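Here the structure is laid out as C-alpha cells; the discussion comes afterwards.
The structure displayed is predicted, hence computed values, not measured ones. Counting starts at 1 for both ligands and their atoms, in listed order.
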Amino acid sequence: MSYPYQIKSFDEYKSEYQKSVADPAGFWSGIAEHFSWRKKWAEVSEWNFTEPDIKWFKGGKLNITENCLDRHLEYNGNKPAIIWEPNDPEEHHRVLTYKKLHEKVCQFAHVLKNNGVKKGDRVCIYMGMIPELAISVLACARIGAIHSVVFGGFSAQSIADRLYDAQAEFIVTCDGAYRGAKDIPLKSVIDDALIGNRTVKKVIVCTRTRTPVSMLKGRDVWWEEEMKQVEEKGLTFIEAEEMDAEDPLFILYTSGSTGKPKGVVHTCAGYMIYANYSFINVFQYKPGQIHFCTADIGWITGHSYIVYGPLSAGATTVLFEGVPTWPDAGRFWDIVDKYKVNILYTAPTAIRSLMGFGLDPLQGKDLSSLNVLGTVGEPINEEAWHWYDEHVGKKKCPIVDTWWQTETGGVLISNLAGITPAKPSWATLPLPGVQPVLVDEKGDEVTEATDGVISGNLCIKAPWPGILRTTYGDHERCRTNYFATYPGLYFTGDGALKDADGFYRITGRVDDVLNVSGHRIGTAEVENAINMHAGVVESAVVGYPHDIKGQGIYAYVIYQGMHGGDTELTRKDILQTVTRIIGPIAKPDKIQFVSGLPKTRSGKIMRRILRKIAEGELSNLGDTSTLLDPAVVDEIKNGKL
Ligand code: PRX
C-alpha cells in the first residue's frame with residue numbers, strides 16, 4: 001500500500017494544516033477517497049456543537065472490515081497482519097497473515113450470526129490479549145454488531161453495569177487470561193456479572209488457560225465447537241454488512257468526573273478515517289514495518305493503534321498478551337529484538353516502571369530495528385523522556401508524545417515522527433483538522449502569555465472525523481459533559497500550556513478525573529465504591545503525584561466501628577471492596593481515616609484543601625475561613641500519610 005496522504009516534511013505539515021482549516025470538506029474528502037466505499041458520501045460533514053449533532057461522510061456506505069482486511073488480500077494477503085506474542089516467552093508465537101485473519105474473522109462472524117447476533121446488537125467482549133480478541137472485534141464489525149470491549153481487569157460489578165447500560169445480549173469471553181504470573185478467571189467473573197442480568201442470551205467462551213469453568217446449558221457455548229461447525233461446512237467467507245457512515249461501530253466505557261462510566265460511541269466511517277490518518281502520519285508508518293503498541297485492546301489505544309489504525313493501513317501489528325516486567329523487566333526489549341519491531345508505542349508509566357530496574361535488563365539487547373518511539377496516556381516527565389530517548393531509542397529515534405482521549409478516537413496533538421519538531425514533555429502541534437484553543441474559566445480565549453506561555457483549559461473549536469458522536473443511551477450526558485461547559489466548544493477536561501511556537505503541553509485533568517498509570521478513574525466512582533463498605537460513613541478521594549503511576553489515589557475515609565481499632569484490617573477490607581466494585585486498578589494507594597471532612601457551610605467538600613494535603617503542601621492551604629469546622633483541617637494535616 002502507498003499512503004498518498006502521508007505528510008513528508010514540516011513545510012508540508014504547515015500547508016496541510018492550513019488547508020484543513022480553510023477547507024475541511026476538501027481536505028477530508030481528499031483523504032476519504034483512498035478508502036473502499038460501497039457508496040460515496042453525499043456530504044463531507046454537517047455539525048453543530050449545541051445539541052451536539054455531528055456527522056461525517058453523510059450518505060456514505062461501507063464496512064470497516066473491507067478496509068482493514070479485504071482490500072489487502074490481492075497484494076498483501078500473505079503479509080503478517082497480526083504477530084501474537086504469548087505471555088510465556090517459551091510458548092510458540094502465532095502469525096496471522098491478512099488472508100488468515102480475513103478467514104478467521106469471516107468464520108467467527110458466521111458463529112456470531114449462528115448464535116443470533118444481528119446488525120446493531122451490542123456484544124460485550126471480555127478477553128485477554130489473544131488473537132481471538134481482535135478476531136471478535138472485527139467479526140462484530142463485519143456483521144454490523146456494536147462491540148463493547150471491557151478491559152480484563154474490571155470486576156464483575158463493573159461488567160454488570162456496562163452490560164446493563166448497553167443492554168447487551170451477547171458476550172464473548174475466555175475461560176481465563178494470562179497476565180505475567182497471574183491467571184485471571186474471566187469466565188467466572190462473567191458468571192458473577194450475569195447474576196440478575198436479564199438481557200444476555202449467549203456467552204461464547206474461547207479456551208486459553210484451561211481454567212475449569214461452569215457452562216450454563218442453553219446460554220454458554222464454546223468458541224472452538226462453534227468454529228468447528230462453520231469450518232466443517234467449508235465456510236471461509238461472509239459478505240460484509242453494508243453500514244451507513246454514521247452507524248455505530250463500537251461503545252467504549254470511560255470514566256468521567258461524575259457518576260458511572262459513560263459509553264463513548266464511535267461511528268464507522270469517521271472513526272476509521274481518523275484512526276488510519278493519524279496512524280500513518282504520527283508514526284510515519286512505512287509498508288513492511290512492524291508496529292508494536294503495548295496497550296490493551298480494552299482501552300481506546302488498543303482499538304485505534306493495535307486494531308483499526310494499523311490494519312486499515314495494511315500494517316503488521318504486534319499483539320502482546322503479557323506485561324512489561326514478566327518474566328523479567330527486559331520483556332519489551334526481547335519482543336523488539338525477536339520481531340525486529342520498528343515502532344514502539346507505550347505509556348510513560350511503563351517507561352518509569354522499567355527505569356526503576358536500571359539498565360541491566362537492557363544489557364545485550366540490540367534494539368537497532370527501532371525507528372520511532374511513542375508515548376500516550378499521561379504527561380511524560382522529562383527524566384522518563386530522556387531515558388527512553390537515550391537507552392531505548394539510542395538517540396536516533398524520534399519520540400512522539402501523543403495526546404488524545406477515548407472520546408477523540410485518535411491522536412489530536414502530537415509531533416509527527418521525524419517530520420515536525422519534538423520537545424521533551426510537550427505534545428507539540430495539532431494534527432491537520434484539529435483546532436485547539438485555550439480558554440479561561442468563563443470560556444474566553446486566553447491570549448495573554450506569562451513568560452511566553454499561555455495557560456488555559458483545552459478545548460477544540462470544530463469537529464474532526466474521529467470525535468465521539470454520543471454517549472450510549474444518554475445523549476444529554478454527552479452534551480453536558482463535553483459541549484455545555486463552554487458553549488460552541490468541545491471541552492477536553494485537560495489543562496494545557498501553549499508556547500510562542502504554538503506548541504502545546506498537556507498539564508493534566510482539571511476536573512475530578514484521575515489518571516493512574518494512564519488509566520482514567522473518576523474520583524466519584526472510587527468514593528461510591530468505598531462508601532459501599534459497611535461502616536464507611538463518608539469518603540473523599542483525590543489524586544497526588546506518584547513517581548511511577550503519575551498519579552496515586554488518596555482516600556480520606558470517615559469510618560465507624562473499626563474492627564476493635566484494627567485500622568490495618570479495615571484498610572484491607574476497603575481495598576477489597578473497591579476491587580470488587582470496580583477492579584484492582586481503582587484501589588487507593590493511601591487511606592487516611594478521619595473524623596470529619598472539610599466542608600463549606602452549604603455542605604460541599606473542599607477538595608482543593610484535601611488535594612493540597614495529599615500533595616504534601618501543608619503550609620499553603622489557602623482560605624479556610626468559609627469552612628463549617630476549620631479545626632478538622634488541622635486534624636487531617638496531623639494525620640497525613
Ligand atoms: O488527561 C489526558 C491524558 O489521558 C486522558 C485521556 O484518557 P483516556 O480517554 O483513557 O485515553 C488515554 C489514551 C488516549 C486525557 O484527557 N493523556 C492522554 N495522552 C496524554 C495525556 N496527557 C498528557 N500527555 C499525553 N500524551
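- For ligand 1, none of its N or O atoms has an N or O atom of Thr492 under 3.5 Å away.
- Shortest contact from atom 19 (N) of ligand 1 to any protein heavy atom: Gly377 N, 3.1 Å.
- Considering backbone and side-chain atoms together, Gln405 places an N or O closer than 3.5 Å to an N or O of ligand 1.
- Here atom 6 (C) of ligand 1 lies nearest to Trp404 when heavy atoms of Trp299, Trp404, Trp403, Tyr504 are compared.
- Between Glu390 and Lys396, none of the side-chain N atoms (NZ, or NE/NH1/NH2) sits under 4.0 Å from a carboxylate O, so this pair counts as no salt bridge.
- Nearest heavy-atom pair, Tyr482 versus Val264, reported as atom, atom and distance to 0.1 Å: OH-CG2, 4.3 Å.
- Among protein heavy atoms, the minimum distance from atom 9 (O) of ligand 1 is reached at Thr406 OG1, 2.6 Å.
- The protein heavy-atom contact nearest to atom 1 (O) of ligand 1 is Asp494 OD1, 2.6 Å.
- Residue Ile506 has at least one heavy-atom neighbour below 4.0 Å for each of these atoms of ligand 1: 22 (N), 23 (C).
- Relative ring orientation between Tyr5 and Phe35 is described as parallel, the plane-to-plane angle staying below 30° on a 0-90° scale split at 30° and 60°.
- Ring centers of Phe154 and Tyr253: at least 6.0 Å apart, outside the cut-off.
- In the vicinity of Thr402, heavy-atom distances shorter than 4.0 Å reach the ligand 1 atoms 19 (N), 20 (C), 25 (C), 26 (N).
- Note on Glu378 versus Arg352: salt bridge recorded, some NZ/NE/NH1/NH2 to OD/OE distance being below 4.0 Å.
- Note on Glu246 versus Arg469: salt bridge recorded, some NZ/NE/NH1/NH2 to OD/OE distance being below 4.0 Å.
- Annotation: Tyr271 is in aromatic contact with Tyr308 [ring centroid separation under 6.0 Å].
- With a 4.0 Å heavy-atom cut-off, ligand 1 is reached by the side chain of Thr301 but not by its N, CA, C or O.
- Only the backbone of Glu378 comes within 4.0 Å of ligand 1, judged by heavy-atom distances.
- The atoms of ligand 1 that sit less than 4.0 Å from any heavy atom of Val376 are 13 (C), 14 (C).
- Contact annotation: Ala427 has no heavy atom less than 4.0 Å from any atom of ligand 1.
- A salt bridge is absent between Asp401 and Arg505; no separation between the charged side-chain nitrogens and carboxylate oxygens falls under 4.0 Å.
- Remark: Lys262 does not engage Glu476 in a salt bridge, criterion side-chain N to carboxylate O under 4.0 Å.
- Among all protein heavy atoms, the one lying closest to atom 7 (O) of ligand 1 is Arg520 CD, 3.1 Å.
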